[in-house]
There are 2 protein chains.
Amino acid sequence: MARTQGSHSDITGPRVREAALSLFARHGYAAVSMRKIAAEVGVQAGALYNYTPDKQSLLFDLMNTHMQELLASWKAQPKRPDPLDQLEDFTRFHIRFHSKRPDEVFIAYMELRNLSEENYRKISALRDLYETQIEDVFREGIRSGVFDVVDPKVASMAVIAMLTGVNTWFREGGRLSLPDVENLYCDMVRRSVSA
Amino acid sequence: MARTQGSHSDITGPRVREAALSLFARHGYAAVSMRKIAAEVGVQAGALYNYTPDKQSLLFDLMNTHMQELLASWKAQPKRPDPLDQLEDFTRFHIRFHSKRPDEVFIAYMELRNLSEENYRKISALRDLYETQIEDVFREGIRSGVFDVVDPKVASMAVIAMLTGVNTWFREGGRLSLPDVENLYCDMVRRSVSA
DNA sequence: CTTTGATTTGAACACATGTTCAGTTAAGTC
DNA sequence: GACTTAACTGAACATGTGTTCAAATCAAAG
């Protein structure tokens, strides 16, 4: 058996994913052909099928990996006892994590409708799981009296939408630094739900 | 000159736009072919070109009309003197206007990258104009002391993102009525920026 | 009923699509 | 240097793409 180590697939595989990520984010899943992805990698279209069963799986893999990393990364964070601190941690974590992965985030929000029904259900479940994380913080803070929130589900959706919106305008090297932005949003988020 | 009045174009024209709106929102601009739009209208693809010079113009018209109506509708609103009231008015207006036009809103946010450069600039300018509306409210409220906002631009982006997020989960006939949602968001928005 | 011209058809254009696969290339083992 | 096999090419498949346009259709005016 020749070429089991040092094989090209160790290099080409990731490059296919990178090319798909970048192209899907820039032009959208439907507008990017397998030939364009192949051209970006420097390979013929047929070669892509050594690394993905089809175009749909390429999209799903990107979104699934992103969501898994998002959840794992949040759960790896140390959890402070006070819900007010947890809310600040979540705010900073969300902004930081998302600002580092603009392409993944863009795809995760824009390409949901291009997933097959089954794949859509899987990604949706992961997103629900993430939304539940902050919802639980609200419920705990309501019980302990530090939050004045009527509807924790709505508050979760509102806060997540607000935080994810940062990606639409924030650019490294702009008028504000990332810590600046974190502080501004921490302040607004806390005040919007504090007792 | 025959058939100048009661002509089919009075009926087919709007139906082409409606079909494009619905299909673009559901499947995305790139995934919808002129033949699919034509099929939805009940006509052959060639006939569409009596109503649009090309596919791109169809997309631009939908987005442009939406943005023009959004701006005109906001400017037609009576303007109350207190910035706190203006903020509440904006919040209710934004939620109400957007929840009535889910397809237009979806397209306006998702299909920006499918606009030609020139069309993108035009739509961007309109969006900037809308964002300026609430930014001006913040600036006035900071001056008069009713708002405690460090960065009115960031506050605008945060509030608009939060409000537009309603469209991703709110459905008429669900757990909450639209007035319920308006009240919840008014409360959060006001508290997040009040002095 | 004939004329008129707006409206629509249906075929054609040149090219792009996702996917498959027999055949070629080339890197590692013996 | 011969052998093995992963990696890749390049052509082919059937189908779909936006757009054009001569010809057919059809409702109203004369």
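Order of the sequence lines fixes the chain letters, A, B, ..., with proteins taken first and strands second; residue numbering starts at 1 for each chain.
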[X] and [Y] ion-paired at < 4.0 Å:
X         : Y         : value
Glu118(A) : Lys122(A) : yes
Lys153(B) : Glu135(B) : yes
Arg175(A) : Asp180(A) : no
Glu69(A)  : Lys75(A)  : no
Arg190(B) : Asp187(B) : yes

Phosphate contact (dA7(D) OP1 or OP2) by Thr12(A) side-chain N/O below 4.0 Å: no
Under-4.0 Å side-chain N/O to phosphate OP1/OP2 contact, Tyr51(A) with dA6(D): no
Could you list all N or O pairs between the protein and nucleotides 12-15 of chain D that sit under 3.5 Å apart?
{"residue": "dA12(D)", "atom": "N6", "partner": "Arg35(A)", "partner atom": "NH2", "Å": "3.3"}

Aromatic Phe24(B) / basic Arg26(B) pairing, under 6.0 angstrom, 45° off normal: no
Name the closest nucleotide to the [X] side chain, picking from [options].
X        : options                  : value
Lys36(A) : dT17(C), dT8(C), dT19(D) : dT17(C)
Gln44(A) : dT9(C), dC8(D), dT9(D)   : dT9(D)
Tyr49(B) : dA7(D), dT19(D), dT8(C)  : dT19(D)
Val43(B) : dT9(C), dT20(D), dC8(D)  : dT9(C)

Atom of Ile123(A), atom of Leu112(A) and distance for their closest heavy-atom approach: CG2-CD2, 3.8 Å
Pro83(A) versus Val146(A), closest heavy-atom pair with distance: CB-CG2, 4.0 Å
Position toward the 5' end of DNA chain D (nearest nucleotide), Ala45(B) or Ala45(A): Ala45(A)
[X] [atom1] to [N] [atom2]: how many Å, rounded?
X        : N       : atom1 : atom2 : value
Arg15(A) : dA7(D)  : CZ    : C1'   : 14 Å
Leu48(A) : dA7(D)  : CG    : P     : 14 Å
Ile11(A) : dA6(D)  : CD1   : P     : 18 Å
Asn50(A) : dG18(C) : CG    : P     : 17 Å
Gln56(A) : dG18(C) : CD    : C1'   : 13 Å
Leu58(A) : dT19(C) : CG    : C1'   : 14 Å

Close approaches to DNA chain C from residues 24-34 of chain A, in residue order (heavy atom, under 4.0 Å): Val32(A), Ser33(A), Met34(A)
The single option from Phe138(B), Phe97(B), Tyr130(B) passing ring-ring contact (aromatic ring centres under 6.0 Å, His included) against Phe90(B): Tyr130(B)
